[in-house]
Amino acid sequence: MNTNALVVVLVAAIGGAWSLLAPDNALASLLLLVATGLAVTLRGVPRAVQSLTFVALTFLFTLVLRREPALNLVFFNPAFYGLLAVLLSSLLQPIPRWIKLLLSVSILFVSVPLVGFSNPFLFELGIQVGIFAALALGLNVVVGLAGLLDLGFAAFFAIGAYTWGIFGSGDPDGKYQSQASKFIHWFPVSGLDGNLLYLFIGIAIITAAITGVLIGLPALRLRGDYLAIVTLGLGEVVRVLANNLDHPLNITNGPQGITPVHRPSVDWLNSFTNFLGVEKVYGRPLDAAMTYNLFFYLLVLVVIGIVIIVNVRLSNSRFGRAWVAIREDEVAAKTMGIPLLWTKLLAFATGAAFSGTMGAVYAAKQTFVNPESFTLVQSIFFLAMVILGGMGSIGGAVVGAAAVTLLNLDILKNLSDYLNDMRQAGVTFLGYNFANLPSQLEPAKYERLVFGLILILMMIFRPEGLIPEKRHRLELEKE
């Protein structure tokens, strides 16, 4: 074992022992995070040492988070970043594939649920990251692979959400917020069975794909800025329709939104968790809220797994190569016999189908659907995820979605709360009294400014994204 390997093992051992003895000490978690970085960056570290380090760090980070269920889990707890760093770095390192699979499964299906039982916010964070990752992967097909700038992608998300929200919102007593939900009683089911969500996820895929084709037919004859403007307008058309289809026939319940949207039964999950003895880990029987948190987390993981597999298969297929050819040069692609319109429509339909899938899941998870959830700002956020991660890169879209979601849901909001607490307590740091801090200085209010600055910096210093597609990276290196 060389010197670098000994350094990695020594730092990991010290951080692990310190974490076990003093789980409330953030420096111990930081030391473990340093061990992760050393295992990745130091040259000459054997693969076996890297693999064992990642496995040990996964266990230690999980134990630290389990024993220290901080309310503001991500922002104030370096152990969470460590667990995330282990997952990402292990996937990028040349270690055995079965080790990568073992780490991914253990972190996603063991570590996160174990910690989530202590802090439900982690489940919420995981669900939101998964939903937005699927949306980013759908937009990545349209923008990253086919090179079609779409500023109305939230429309397909809305289509999927309203597909389940409209039909899954009725009251078994005969009261309906949406008159269209009466259609559900034409099926041989008792009342409005929430288990039909699984059927309506499939229907949402078809509905969103058809909407993508209908929107694409008039729009895809244009290119560049003109295409962006048309898709922006058509996306707003869908939102305005959802906002006004409450008369003369109440379909969407207008600006008030549809609530409650039914959820499927999770009795089977209760039986399964009881069989595994989860309530011994949780300390008491799982309540309904915790069970649904676990259910939607697992459902999102399954859906995002399927979406990633489909993305990989499509990118390596003749359709994926045709999309890349159109992105690079439409004239050359047409000369080679690629039908431009139908190939672009396929990209639009594919991206819309991914978005519609998560729209239905989102409606069931939130139990509420409202037109204001699908604005132009949401479309811009989806585009920012793709650009941040790397256009055309599957891993980049997932990482970009995770980064934007963490900033939006946790880091900026918790930073604002932290500054407010220091302002109210009158803390003095380096001679400056935080009581004099302007009340307008709240990072959560400037999230769009922060995203704008991040995109500007990305375009200047790393235009290919955090995890660039191979072709993009080679083109930029050549330039």
Side-chain angles (χ1 to χ4, degrees), residues 134-153 155-157 159 205-235 306-357 379 382-383 385-387 389-398 400 463-465 467-479:
L135 294 170
L137 286 169
L139 186 58
N140 187 55
V141 171
V142 180
V143 177
L145 291 181
L148 306 171
L149 185 55
D150 184 359
L151 294 181
F153 197 70
F156 307 123
F157 190 37
I159 292 295
I205 294 174
I206 298 171
T207 307
I210 292 174
T211 306
V213 171
L214 294 177
I215 289 178
L217 279 173
L220 291 179
R221 301 182 186 276
L222 305 172
R223 289 195 240 175
D225 299 339
Y226 300 101
L227 175 62
I229 292 171
V230 171
T231 54
L232 186 156
L234 291 172
I306 295 173
V307 168
I308 290 175
I309 292 172
V310 173
N311 260 271
V312 172
R313 299 290 293 177
L314 281 175
S315 63
N316 295 327
S317 69
R318 64 187 182 92
F319 298 112
R321 294 193 293 271
W323 290 334
V324 173
I326 291 174
R327 182 190 70 193
E328 298 298 325
D329 193 327
E330 281 194 15
V331 177
K334 186 176 182 180
T335 304
M336 296 301 295
I338 296 176
L340 296 184
L341 180 61
W342 294 110
T343 306
K344 290 179 179 179
L345 283 178
L346 180 61
F348 248 67
T350 303
F354 294 155
S355 183
T357 304
S379 296
F382 301 153
L383 185 60
M385 295 172 188
V386 176
I387 294 174
M391 289 193 296
S393 170
I394 295 174
V398 176
E464 68 272 23
I467 304 180
E469 183 196 21
K470 184 178 180 181
R471 183 187 297 271
H472 275 165
R473 185 176 66 251
L474 293 175
E475 288 176 353
L476 289 168
E477 288 177 356
K478 184 176 180 180
E479 292 177 0

If you draw a 6.0 Å radius around CG in Asp225, do more than 12 non-hydrogen atoms from other residues or ligands fall strictly inside? no
For Pro468 and Ser393, which heavy atoms make the closest approach, and how far apart are they? C-CB, 4.1 Å
Show me, pair by pair, the donor-acceptor contacts under 3.5 angstrom made by side chains of residues 336-348, not counting sequence neighbours?
{"unit_1": "Thr343", "atom_1": "OG1", "unit_2": "Pro339", "atom_2": "O", "d": "2.6"}
{"unit_1": "Lys344", "atom_1": "NZ", "unit_2": "Glu330", "atom_2": "OE1", "d": "3.4"}
{"unit_1": "Lys344", "atom_1": "NZ", "unit_2": "Glu330", "atom_2": "OE2", "d": "2.8"}

At what distance, to the nearest 0.5 angstrom, does CG of Asp329 lie from OG1 of Thr335? 8.0 Å
Atom OG1 of Thr350 and atom CG of Leu137: how far apart are they, to the nearest 0.5 Å? 12.5 Å
Report the C-alpha distance between Val324 and Leu145 in whole Å, list the side-chain angles of each, state the deciding distance to 0.1 Å, and finish with yes or no for side-chain contact (heavy atoms from CB on, under 4.5 Å). CA-CA 5 Å; Val324 173; Leu145 291 181; 4.3 Å; yes
Closest non-hydrogen contact found for Gly235 with Ala155 is CA-CB, 3.8 Å
Any chance you could measure Thr211, atom OG1, to Leu214, atom CG, to the nearest 0.5 Å? 6.0 Å
When rounded to the nearest 0.5 angstrom, what distance separates CG in Leu234 from CG in Leu151? 11.5 Å
If the test is side chain to side chain contact (heavy atoms under 4.5 Å, CB included), which one of Val142, Thr207, Asp150 qualifies with Phe156? Asp150
Whether the side chain of Ser355 engages the backbone of Leu135 through a donor-acceptor N/O pair (distance < 3.5 Å, no angle test) should be reported. no
Leu383 and Leu139, any side-chain heavy atoms less than 4.5 Å apart: yes
Once salt bridge (charged side-chain N to carboxylate O under 4.0 Å, His left out) is applied, what residue pairs with a partner in residues 208-219 remain, sequence neighbours excluded? none
Scanning both residues in full, the closest heavy-atom pair of Ser317 with Leu314 reads OG-O, 2.6 Å
State the CD1-CD1 distance between Ile215 and Ile210, to the nearest 0.5 angstrom. 12.5 Å
Quick one: does Asn140's side chain have a donor or acceptor within less than 3.5 Å of a partner on Ala136's backbone? no
Phe153 vs Val143, side-chain contact (heavy atoms from CB on, under 4.5 Å): CA-CA, chis, key distance, verdict: CA-CA 10 Å; Phe153 197 70; Val143 177; over 6 Å; no
Atom CD1 of Ile309 and atom CD1 of Ile394: how far apart are they, to the nearest 0.5 Å? 11.0 Å
